[in-house]
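Note: hydrogens, waters and symmetry copies are ignored here, and every other heavy atom, side chains too, is used. Naming: A, B, ... by sequence-line order, numbering from 1 per chain. Bear in mind the structure is a predicted one, so any value in this text is a computation, not a measurement.
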Amino acid sequence: MSGAPTGLNEVLQRTFAFPKRHFLSATDLNEIEVANLLDLADGFVSLNRQTSKKLDLLKGRTLMNLFFENSTRTQSSFELAGKRLGADVVNMSPRSSSISKGETLIDTAVTLNAMQPDLLVIRHASSGAASLLSQKVGCSVINAGDGQHEHPTQALLDALSMRRAFGRIAGLKVAICGDVLHSRVARSNIALLQMLGAHVRLVGPPTLIPAAAHRWNVEVFHDMRKGVAGCDVVMMLRLQLERMDGVMAPLAARVFPLLRPRPREAGPGRAGRARDAPRPNEPWRRDRLRRGR
Amino acid sequence: MSAGRPLAFTNVRIVDPASGFDGPGAVVVTEGVIADVVQGGDLGGLSKDVEVVDGAGKLLIPGLIDIRVKTGEPGFEPRETLKSAGRAAAAGGVTTIVVQPDTSPVMDEPSVVDFVLRRARDIELVNVYPAGAATKGAQGERMAEIGLMHEAGCLYVTDADRPIVNSKVFQRVLSYAKAFDTPVAHRPSDPWLSAGAAATSGEFAARMGLPNVPAIAEKIMLERDLALAEVTGAKLIVDQLTTAAALETFERAVKRGVNATATTSINHLSFNELDIGDYRTFCKVDPPLRSEDDRQAVIDAVASGLIKVIVSAHTPAPAEEKRLPYDEAAPGAVGLETLLAALLAFHHEGRIPLIDLIRTVTSAPAELLGLPAGRIAKGAPADLVLCDPNAPVVIDADKLMSKSKNSPFDGRMLQGKVLRTVVDGRTVHRA
């Protein structure tokens, strides 16, 4: 591939077998497919750091971003990725489209399908929306977040970050902290990280951890300090206030006093911290600022 | 159709739960009434104008009585009309349906009751009785015209899917209805715990990211309902018991002598939450499907007689209300046509004796609501079903008579085929 850095070229030479038409859940992939995708992504990291970032791998293809929920990072990531790989990218957002006129998801899907896109990337507030869409269209569908169900591409990204930091994922101790209950990222991460051999812990107040979480083969901690002790990676999830009907924990700002990671207490190695939505107004972070840490 | 012509079923296996008879026999029908029942033997000479149906040893049972059916009439005719529901019922061997009041307008006064009764009479398919709303507009605030609706022909009162949250209102409804000996049906579900829920709490709902209600929400509201039924002495119909925890509560109350009868739905007997699978909205029902442990407890409760009545909970919802993301899709499933075959599964599995299964959809609901039908006895209305309980069927939702095809049984292989359905001596369905 002209223009591709050498590392990437080597990966691109490989033949990938990817038998699935859609990517809806982290469990759609097996360990080998994940390893291949991460190798590929690793190659793209160097591509993104050179002056000419454009390839023509997806030349002539059309990618449609169909985001029913607001998104900045995910939507622009998909847009940028599509463009850098040579695809034509169309962004649809519901507020400026006919969804607000009462069209259903299926109506929209069928209409868009008639435009012959090759790839639909969907984000929707309802769990299962991506799966529903995939049954009604002729192209491939990527789930960019459906309700509280899954966000598999985010999980791949987190896995890449971990692999780049530690050189491996198997055996890592990963603590996922905060609002696990409402988090699709957590669900995808749990599935993917476990597949790759990591030990997953969930840390948060009982109201924000699903009651049945102990059946997911994870360790559940309600004490932040104990939860992150000995961990290699600490993942912070923000409170999804928009999904909470009513109060899930006392006063957002102090939601769980222990939801303040103290990386010094984490594992002996370098504790990486992957964050979902790093925002300055995140409770734990505000706390940190106030205390001048 | 042989409206006036006498009819005789010979060489049939009669199963009549009301009398406890299960054996060979013959039945003669004249002028819409069962004129003679011969148990064990066969009929003597019959006059030539009698239409004789040779049952060839097949099953003859009383027509099914389904006390929880929704049609869309009046107000939501695209979902289902009284006519399409009547056809579905006839095809399923259901000869009496009790329609729910959450129509538009809500059936909360005698004029709407009259409308439904008149329409049903004109259609002349199956027997239709209305259930009136317990409160105005089924809003749970002001009491509806319970007495007048009772006189107009309502068999019981209920706000259908909406719980009557205000305990004072519910107590008054119970007290008032008692004066007319009208049962009050209520679906026990804590309104706050169940708000917005699409599934039952547990590993499945958590993994699928579905808004969920803990199973205990049923028990919480049931405790209140039973306590109020006990102090008022009213007749309570516990609409669709679906959880093990609530069954325990119910059993205690019944032993104490509370005047309450529990129903459950064929959906909760036949499916558990895992049937939702990849967000199959046809499996979205209200109350949501439960765990396998709960399903087993409900089957046991039917077997032991704790749950006396089984309903189809027929709730038509057309594709445009179902082909939506799971939490936006309308709840409910059609069930009139599949009720009998789905029930017979428990007979074929050896879980529940045939006569006990048939009782839950014939004599038990008849007794509960004081109906003359539901039995094969001289003088009873000639509502009869001839069926082959062993015939294999594959349910094809597209072929159902209902206007809406939202059947969770789509594709299921069952046994049991209705050969002929007779209502008041009229043949309304023939296979």
Item checked: Euclidean distance, B:Met208 CE relative to A:Asp146 CG, rounded to 0.5 Å -> 9.0 Å
Next item on the list: Count the heavy-atom pairs under 4.5 Å between each of A:Lys136, A:Gln135, A:Arg187, A:His124 and chain B, then report the option with the highest count.
Entry: A:Arg187
Next item on the list: Please report the shortest heavy-atom distance between B:Arg207 and A:Trp216, naming the atom on each side.
Entry: N-CZ2, 3.6 Å
Notebook entry, point to check: Quick check: are there more than 12 heavy atoms from other residues, nucleotides or ligands sitting under 6.0 Å from CG of A:Asn30?
Noted result: yes
Note to self: Other residues, nucleotides and ligands only: do more than 12 of their heavy atoms fall within 6.0 Å of CZ on B:Arg323?
What the structure shows: no
Next item on the list: Might you point out which heavy atoms bring A:Leu132 and B:Leu324 nearest each other, and give the distance in Å?
Entry: CD2-C, 3.4 Å
Next item on the list: Mark yes when over 12 heavy atoms from residues, nucleotides or ligands other than B:Lys219 sit less than 6.0 Å from its NZ; otherwise mark no.
Entry: yes
Margin query: Taking CZ in A:Arg215 as the centre, count heavy atoms belonging to other residues, nucleotides or ligands within less than 6.0 Å. Is the count above 12?
Written below: no
Check: Which residue out of A:Pro210, A:Ala212, A:Ser126 racks up the most heavy-atom pairs below 4.5 Å with chain B?
Finding: A:Ser126
Check: Measuring from B:Asp278:CG to A:Ser134:OG, what's the distance to the nearest 0.5 Å?
Finding: 7.0 Å
Check: What distance separates B:Glu328 CD from A:Leu105 CG, expressed to the nearest 0.5 Å?
Finding: 7.5 Å
